[in-house]
Amino acid sequence: MDQTQQKRNHKPTQQKNRNLAWYRDIKKSIEANKRIQERRLNPDNRINLESKGKVRITPLGGLGEIGGNITVIETDKSAIVVDVGMSFPTEDMHGVDILIPDFSYLREIKDKIDGIVITHAHEDHIGAVPYLFKEMQFPIYGTPLPLGMISNKFDEHNLRKYKSYFRFVKKRRPIKIGDFEVEWIHMTHSIIDASSLAITCEAGTIFHTGDFKIDHTPIDGYPADLHRIAQYGEKGVLALLSDSTNSHNLGITKSEASVGPTFDLLFSKAKGRVIMSTFSSNIHRIYQAIEHGMKYNRKVCVIGRSMEKNLDTAMELKYINLPKSLFIGAHELHKYNDSEILIITTGSQGETMSALYRMAANEHRHVKIKPSDTIIISAKAIPGNERSVSGVINMLQKCGATVAYQDFSEIHVSGHAAQEEQKLMIRLTKPKFFLPVHGEYNHIMRHKETAMKCGIPEKNIFLMSDGDQIEITPKYIKKVKSVKTGKVFIDNQLNEEIESDVVIDRQKMATEGIVMVVAKISSSEKKLIDKPKVASFGLVADKDDKNFAKEIEGVIENYLINLKNRPLEPQHRIENEIRQAIRKHIFRKYKKYPTIVPTIFIM
């Protein structure tokens, strides 16, 4: 074979070798990239699996409900409390204004509590702080607005001396609290100055989102600090506690800025006064309404004690800047044309003592609703408050006013993350363990499903209930015990606790009625002296009172006949036995168990 022929035969061999090398290289690259991807997604590569540390997490409120958020995070020697929030009562809790957590477990471990850390200033996260401080005091850490609003509460509760426990923190600056290093990370929500928490101890980092959504165009221009969150994700997150409130909502939650165009439309059409009601803590919503009031040359009147204080605090701390000349008092409203007035007020939840409710009921001293009024209710009803909100809307519409509520799709936007934002939080933090928080069971269950789609194994997810104490180490997560939890009833007019037996009595009287009996009995003859006086409420109709009184008289007479030779003493025993006899009769005939109050005079 000549040399030319050999060269021709050698070329295919060289090409084949080059192709083989190319396939080997690409295969190596694919395998290497696969290892890199698996490594970056595996949290075990970022946490210290050799650590002997362990941390326990105990929610005392905020699970199985919306609101009342409070969680204890502790080691063997140290503990911190994340938020101390209140919640709203159900309709059958008569005379109860708010609910606060049962602090029994905090009493048990108070000697190792090194501080309270606050995520943000909503009532369901700070509303119970004054009630805790009346009994126990600990350093309380937070950014300026939350502590400013807690300061207002301390003024109301005569707790000014305890402001010395306030510790103002800076975001992105970790501080040492007992066994923990805690960093506040800026987060967007429906209130200014909200934070997520990175809580690091020997076991690893616990990342607590607080209430959050990912708003890229917030009103104050400060978006969520996703870069810092991602840094913690790269360093390693042992467990993620994440807000579950909107876990059923697909997609993303709209930006707070999306409310602006709706406000503009409503303000541009309004011929008379504009009255806007929202949560008193939603400073950005209030600010947007005031901006549109300024645009349409309206003076601003803020009505509602909590609304005034929160706005004053936000302005004093320079979170928002508004000219003082813009504001007028309620007593000055008569000096201006209706088209020159914007009223910002409380009452978006239909609270009977709120300013908006009193306006609707024609009971407010300065404001009576007119047919020319445009009323904007820029808030969604908290679960359980739907009937109250609907009642106020009906009252306002009967006054002839134009009411803008949920029929305007962007009159209110949520402050909580929808599914895509929840996924983003999981992907940024890349936790080993996942504990959905803040919400009813169906919310945290749905959040679990979202987490599993993001690659977190089901065995690494725990659905907590209030009182569950969860122990976490780099190698496992498990429930170790249950602690006492519950709710304490509060009369907000007096700022005092209502004992549970009082609430139970009110519920019973509301559903079963009450019967009062006054009878005189001859001790010698063991007979009634005159007819007993019988009064009943909520059991029989007024027209049946006489017949009912005769029935009770017969019951007492029958009791005395059966008494035979037994003495008419002691008196409390006789009253109790008569009460039981009346109770049996009423249940047989009316199938009710009313509260029965017998007063027996033995003569």
Side-chain angles (χ1 to χ4, degrees), residues 66-67 88 120-125 127 145 149 188-194 211 213 215 218-220 245 253-267 270 273-294 298 300-315 319-320 322 327 341-351 353-360 367 373-383 385-386 388-390 392-393 396 401-416:
I66 301 294
F88 291 101
H120 66 284
H122 273 151
E123 288 294 312
D124 60 331
H125 292 258
L145 186 67
M149 290 191 177
T188 45
H189 182 41
S190 55
I191 190 170
I192 296 172
D193 204 14
D211 285 356
K213 70 176 181 180
D215 190 342
I219 301 303
D220 61 3
T245 308
T253 301
K254 290 185 177 182
S255 169
E256 177 65 28
S258 66
V259 175
T262 307
F263 274 2
D264 196 71
L265 175 65
L266 293 167
F267 274 76
R273 298 177 301 187
V274 175
I275 302 173
M276 196 281 283
S277 181
T278 190
F279 293 107
S280 63
S281 58
N282 196 340
I283 303 299
H284 279 157
R285 190 74 47 82
I286 297 167
Y287 182 70
Q288 284 196 86
I290 292 174
E291 277 194 315
H292 284 85
M294 294 170 65
R298 292 175 180 265
V300 179
C301 177
V302 181
I303 300 178
R305 186 176 60 179
S306 60
M307 186 81 76
E308 291 177 46
K309 285 193 173 183
N310 289 346
L311 189 59
D312 285 345
T313 299
M315 291 174 65
Y319 284 99
I320 57 173
L322 293 166
F327 297 92
I341 292 171
L342 165 63
I343 296 172
I344 309 285
T345 186
T346 55
S348 63
Q349 295 303 301
E351 309 97 311
M353 296 300 293
S354 68
L356 184 64
Y357 185 95
R358 286 184 284 121
M359 293 175 196
V367 182
D373 290 337
T374 296
I375 299 168
I376 305 170
I377 301 179
S378 186
K380 186 179 179 181
I382 293 171
N385 286 3
E386 293 89 352
S388 299
V389 174
S390 180
V392 169
I393 292 172
L396 294 168
T402 299
V403 181
Y405 183 46
Q406 288 184 333
D407 48 339
F408 288 79
S409 61
E410 290 181 354
I411 203 169
H412 169 73
V413 292
S414 174
H416 299 273

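Hydrogens, waters and symmetry mates are skipped; everything else that's a heavy atom, side chains included, is used.
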How many angstroms lie between [atom1] in [X] and [atom2] in [Y], if you round to the nearest 0.5 Å?
X    : Y    : atom1 : atom2 : value
I219 : S255 : CD1   : OG    : 6.0 Å
I275 : T402 : CD1   : OG1   : 11.0 Å
L356 : Q349 : CG    : CD    : 11.0 Å
F263 : S258 : CZ    : OG    : 10.5 Å
R273 : R298 : CZ    : CZ    : 10.5 Å

Do [X] and [Y] have side chains that approach each other closer than 4.5 Å (heavy atoms only, starting at C-beta)?
X    : Y    : result
M359 : I303 : yes
Y319 : L145 : yes
F327 : I290 : yes
I191 : H125 : no
M276 : L266 : no
V413 : E256 : yes
L322 : Y287 : yes
I320 : I286 : no

**Asked** Of all residues at least two apart in sequence or in a different chain, which pass the side-chain contact (heavy atoms from CB on, under 4.5 Å) check with E123?
**Response** M86, K153
**Which residues share a side-chain contact (heavy atoms from CB on, under 4.5 Å) with S190, sequence neighbours left out** = H122, N282
**Request:** For N310 and S280, work out which heavy atoms get closest and say how close.
**Result:** ND2-O, 3.1 Å
**Request:** Please work out whether the ring planes of F267 and H292 are parallel, tilted or perpendicular, with thresholds of 30° and 60°.
**Result:** tilted
**Message:** Whether the side chain of T188 engages the backbone of K213 through a donor-acceptor N/O pair (distance < 3.5 Å, no angle test) should be reported.
**Reply:** yes
**T374 side-chain N/O to V274 backbone N/O, donor-acceptor pair under 3.5 Å** = no
**Prompt:** Looking at residues at least two apart in the chain, or sitting in another chain, which of them share a ring pair (Phe, Tyr, Trp, His ring centres under 6.0 Å) with H284?
**Reply:** none
**Asked** Between R285, Q288, H412, which is the residue that forms a side chain to side chain donor-acceptor pair (under 3.5 Å) with S378?
**Response** R285
